[in-house]
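This report concerns only the one structure given below.
The chains referred to below are lettered A, B, ... by the order of the sequence lines, with proteins before strands, and numbering in each begins at 1. Every heavy atom of this structure was used, including side-chain atoms; hydrogens, water molecules and symmetry mates were not.
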Amino acid sequence: MCGHALNGNQEEKMPNPYNPQDIEPKWQARWDADSLYKSVIDHGKPKFYALTMLPYPSGDIHIGHWYAMSPSDVRARFKRMQGFDVLFPMGFDAFGLPAENAAIQRSIHPKTWTLANIERERQQLRSMGMMIDWEREAISCLPGYYRWSEWFFLKFYEMGLAYRKKAPVDYCPNCKTTLAREQVIGEEHICERCGTPVVKKDLEQWFWRITKYADELLDFSKIDWPDKIRLAQTNWIQRSEGAEVTFTVAPEDLPAGAAPEEGDLVVFTTRPDTLWGATFMVLSPEHPLVERITRPEYRAAVQSYQAQAARQTEIERMSTEKEKTGVFTGAYAINPVNDARIPIWIADYVLITYGTGAIMAVPAHDDRDFAFAVKFGLPIIPVIDRVDGLAKSFAFPGSVRAGFAEALKDAGFEFTAAPVGELGEGLFVTLHGNEQIDRYIALMQAYLLEGNWNEVVGARWAFIFSDGIRELDSVESDAEILTRCKAIYPPVSENRTCMEMLSHLPFYRDTLFHPEYGTMINSGVFDGTPVKGAVAKVVAWLEANELGRGAVNYRLRDWLISRQRYWGAPIPVVYCDTCGVVPVPYEDLPVLLPDDVDFMPTGESPLKYHEGFLHTTCPKCGGPATRETDTMDTFVCSSWYQYAYLSPYYREGKPAHADSIPWDTEEAKYWAPVDTYTGGAEHAVMHLLYTRFFTKALRDAGIVNFDEPMLQLRNQGTILGEPRCGDCVEVTGAWEGAAFRAAEITVYSFQDQATWPPAERSAGLVRGEVIDRDDVSLKVQTSEAGELTVVLIDEDMPVAIPGKEKGGTAKDILYHLDVEKMSKSKKNVVAPDELVAQYGADTVRAYLMFGWRWEQGGPWDSHGIEGVVRWINRVWNVVTEPAQAAGAETLSGRELLRAMHFAVKSITEDLEGFGFNTVIARLMEYTNALSKARSAHYGSALWDEAVATLLLLIAPVAPHMAEELWAFLGKPYSVHQQAWPTWDPAMLVVDEIEIPVQINGKVRGRVTVPADADEDAIEAAALADANVQRHLEGQQVLKVIVPNKKLVSIAAKPK
RNA sequence: GGGGCGGUGGCGAAAUGGCAGACGCACCGGUCUUAAAAACCGAGGGACUUACGUCCGUGUGGGUUCGAGUCCCACCCGCCCUACCA
């Protein structure tokens, strides 16, 4: 259809004003009826699997979902127009606690609650106008879905990836379930869901062996994922290389009759090079050996400490201070490298869940061990030389002959003199390197008075006595030096080690301990071993002497998947008295969740009391058996949903087998893996790690033939609540001390701030903005200066709230909000449905793309959307309005073409690179250019092309409006099935270019030259510019460069 | 304590080492209107200047470069994640 035929058409139609409320439902229904977004395998096209994280059906799609999903949809649409066969599915992560809590609180069955929410959210998602292929919808709580979740369990069990063990696990007493480690958050160890402090429980639980893939999960070479996520996963897995070293319990500390190897005490260390500095051992309080080695006289203290450590996770930790605690067992261990006898302690800073649950403590080079040793008076012996050569010495007042300070100064030492209490002046010397230290020691020996000592700490550990030098190089010398010091100066008698004595002097504190790698000292045959290769050499030596071996440890633990809840996929296992643990045969899947259950007010799983579910027969022997009543973590279901979309509820009703594939292999071969995945970064160490593990396990099972589930990942940021002022209240009442008791409250809305009466505080009246509110009081700002008055209220007292017809209570008064997360209680939630009703989905989509850097997010701004509203209307008008009289300003045909090609180029590139805000900016610019060019070009073929291009570029962003205008122009349905426009670099060229001229980095002029001018011509033009010449007067030009013909840079200096 | 991300007008933000502030919001001026709203047009980082223009400007201080918001070093501030992991 040609442009001119269209013009006649347009004149017949009176242009309607833009009305999204008509347009959007109309096109949504049409697209639906035409199955426009149904994805069908087409081997003639390249495929593109675009996936965005699926929502949990909590009852409402909120603005965060829109923010995450709209740009993902835009990009999927863009890819489709580019010629890809695109799959963009959606589903619901439908198992989980909130459904069960609703059941308990409101007597609604979780299934009813969940499916009703899904129904509602599906409608909300449809209102967004996304190109979702709804025929592929997958809901994880339906048997057709969770049958395969169960199937994977059996498969993993078969592969040895699923196992059961009794383990201390985190248990939330409120949610009545165990949690995965990553669901326990922060210092207080609180439940991710409800914030209740978790407790440790010893339970038989099912685990999945994710640790088997620890090394492979550290390899990101096959995927394009954000650094942030890769880092989070790397840190979470935390691979540590080191050695396992076998210490032994001193034979006399083992129970009589114990076999010698029972005393083996294996530790993991990343610092085998510090083995010679291990002056004590610490076992975790839960370590099995504690019971056997504790000496009778220490038993009571040990048991009391163990009890306290177990309880400690139950009580909220009061302070952030981390004072080390622990007790001595009375037993000793032998350090295999030097046969030193070292005490065995227990302390809660050693965790049973990491490494071997036991450590060798090297207090000189580990800060935790250092703190522990200082507190409990355990010896600290340095075994790694300082790399910085730093050493310090403090000359005690009166310990040296007169003239020492002058001698120090003459010799060039760095020192300060300061009074020490009443004792006189002390000298604080700082030394760098061995040469200085040697000179200092010699000088000190010359000046030290009889009956005194001096020490050099840090890069040298020397105690200078009048009869010679003693180095702190062993536990024995530590004791000997300390004894001598105590004899010389009795006030130090309280100290148990030299380090403890030295630690009292603040001047020394930064030199007593260092964790760096360096040359080994005080380490027997390894003395002098340089940093490089020291660890490897020690490991080789340990292995040669059969004292230990190189070892790798991970912080990553196996994935605990058992949940003591009803609303999850059943774990398909039965327990038989004769056969033990028996997996349910593949053919018998799914193990169905029974519907007829009674929910306990306690939250305890009703499955435990459901006789029909509980009792079954053993698949192996046919005898009586009971079912596993735990269900699987919901993350199991979301670990494979990207494959479920390929053929949802695959082969439902037909039996599964061990060698089944859980989805249509033709679909999988074509679509998988996911090409672009978008979603929140908060899933970094949970979902995003689990799904990678899952795919690797599936690969090993021969079900998929690739290693990674999602090739490219991008994270969006978070939209926060909008800052706002609080309501203004006028309160009458009476003073109660410093507070004001409210009798009656009048509210002036925060929206009418201009009409607020002035703040006031008088005998019977308080008036001002509400800064904060709780159940019993308001904080009212009663002066410009910020003076706050506490107004006591009754939570339910009736208050007239402007705009609230039924009348509210004091709880409805809005208080001042700075930027915070959106939450219902703060009443700062943005409801997308209301925005859609007011502005239309296209505008909301565009605003969410335009307002923020997508990967960053930020606070909501309810005014900013107006700019997008205006733009959308301008687009509407520029297409639909009839020709107007020529305006003053217009664009040449060449300029219009250039604007068009530039728009295509930049929008294509920015969509590709997730630069959504600049996509809208470029669209706005292009629209502005069209507005300008309209009067001159309206009706021409060029104009038609320019307008069509605008609609094609807008189609992914504002799909409804683009479709409507496309139809208005009489173009063939659908705009979404058109090819994405391309640009011609030749069209971007301009005839003349303006080039700035810099002198010494400052712009001093601009010259306009033909686009094809060569560098010499540009340089000549630049030097000829009047302002440039003015600035070059009296200057000598050193250099002129014309990089890329983009600017002229002149370097000059005064003659 | 460890790690990460960020700091640019009143606000959201642009800017392959090359004219800082594109595109918007808010504000201000104008056109239209009896008036307002809407729409459209226009000015705007700061200081000085009638003006041409000049100086200063991307958290602070250094450095590399003809040229730095961008790269390097040190520091300050904010946010996020993580946390006794041997």
With distance as the sole test, does [X] use its side chain to make a donor-acceptor pair with the main-chain N or O of [Y] at under 3.5 Å?
X	Y	value
A:H514	A:I384	yes
A:K375	A:K324	yes
A:E1019	A:V1048	no
A:S284	A:E286	yes
A:R271	A:P515	yes
A:H365	A:V383	yes

Could you pull out every donor-acceptor pair under 3.5 Å between side chains of residues 995-1008 of chain A and any protein atom, sequence neighbours left out?
| from | atom 1 | to | atom 2 | distance (Å) |
| --- | --- | --- | --- | --- |
| A:N1000 | OD1 | A:A1052 | N | 3.0 |
| A:N1000 | ND2 | A:A1052 | O | 3.1 |

(message) I need the residues from residues 903-925 of chain A with at least one non-hydrogen atom less than 4.0 Å from RNA chain B; give them sorted by number, or say none.
(response)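 Only A:N917, A:T918, A:A921, A:R922, A:M924, A:E925 qualify.
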(request) Take A:W225 and A:F220 through the ring-ring contact (aromatic ring centres under 6.0 Å, His included) test and state the conclusion after the steps. (result) CA-CA 8 Å; A:W225 282 26; A:F220 299 94; 7.1 Å; no
Identify the nucleotide, in any strand shown, that forms a Watson-Crick or G-U wobble pair with [N], with both distances under 3.5 Å; if there is none, say none.
N	value
B:C79	B:G4
B:C11	B:G24
B:U50	none
B:A43	none

(request) Kindly confirm or rule out a cation-pi arrangement of A:R845 over A:W66, judged by NZ or CZ under 6.0 Å from the six-membered ring centre and within 45° of its axis? (result)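 No; the conditions do not both hold, so A:R845 does not lie above the ring face of A:W66.
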(request) Using the ring of A:F916 (Phe, Tyr or Trp, six-membered ring only), decide whether A:R853 places NZ or CZ under 6.0 Å from its centre and within 45 degrees of its axis. (result) no
(message) What I want to check is whether the side chains of A:S931 and A:R874 have a donor and an acceptor closer together than 3.5 Å.
(response) no
(message) Any donor-acceptor pair under 3.5 Å linking the side-chain atoms of A:T918 with those of A:D910?
(response)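 Side chains of A:D910 and A:T918: pair found under 3.5 Å.
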(message) Quiz question: going by heavy-atom distance under 3.5 Å, is there a donor-acceptor pair between the base of B:C84 and the side chain of A:K324?
(response)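 Check passes, donor-acceptor contact within cut-off.
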(request) Do nucleotides 55-62 of chain B as a string where each nucleotide becomes B, S or -: B if the base has a protein heavy atom under 4.0 Å, S if just the sugar-phosphate does, - if no protein is that close. (result) SS------
(request) Consider the side chain of A:Y354, meaning its heavy atoms from C-beta on, and name the nucleotide among B:A26, B:U54, B:A86 that approaches it most closely. (result)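 So the side chain of A:Y354 is nearest to B:A86.
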(message) From the set B:A26, B:G53, B:C19, return the single nucleotide nearest to any side-chain atom of A:E994.
(response) B:C19
Heavy atoms only, 4.0 Å cut-off, all strands: where does [X] land among base, sugar-phosphate and nothing?
X	answer
A:R230	nothing
A:V282	nothing
A:N928	sugar-phosphate
A:T356	nothing

(request) For residues A:F280 and A:W345, establish whether the separation of their ring centroids is below 6.0 Å. (result)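 Between A:F280 and A:W345, the centre distance exceeds or equals 6.0 Å.
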(request) Verify the ring-centre separation between A:W860 and A:W852: is it less than 6.0 angstrom? (result) yes
(request) Check whether any side-chain nitrogen or oxygen of A:R870 sits under 4.0 Å from OP1 or OP2 of B:A39, and answer yes or no. (result) yes
(message) It should be established whether A:R874 places a side-chain nitrogen or oxygen under 4.0 Å from OP1 or OP2 of nucleotide B:G24.
(response) yes
(request) Could you classify B:G46 for me, syn or anti, using a glycosidic angle within 90° of 0 as syn? (result) anti
(request) Could you check A:K821 against A:R1006 and say which one's nearest nucleotide on RNA chain B is further toward the 5' end? (result)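 Going by which nucleotide is closer to the 5' end, it is A:R1006.
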Just the atom pairs and distances: protein N or O near nucleotides 66-74 of chain B's N or O, under 3.5 Å.
| from | atom 1 | to | atom 2 | distance (Å) |
| --- | --- | --- | --- | --- |
| B:C66 | O2 | A:S1049 | OG | 2.3 |

Tabulate atom names and distances for all N/O pairs under 3.5 angstrom spanning the protein and nucleotides 2-12 of chain B.
| from | atom 1 | to | atom 2 | distance (Å) |
| --- | --- | --- | --- | --- |
| B:G12 | O2' | A:G851 | O | 2.1 |

(request) Apply side-chain contact (heavy atoms from CB on, under 4.5 Å) to A:P336 and list each qualifying residue two or more places apart in sequence or on a separate chain. (result) A:V245, A:F247, A:L547
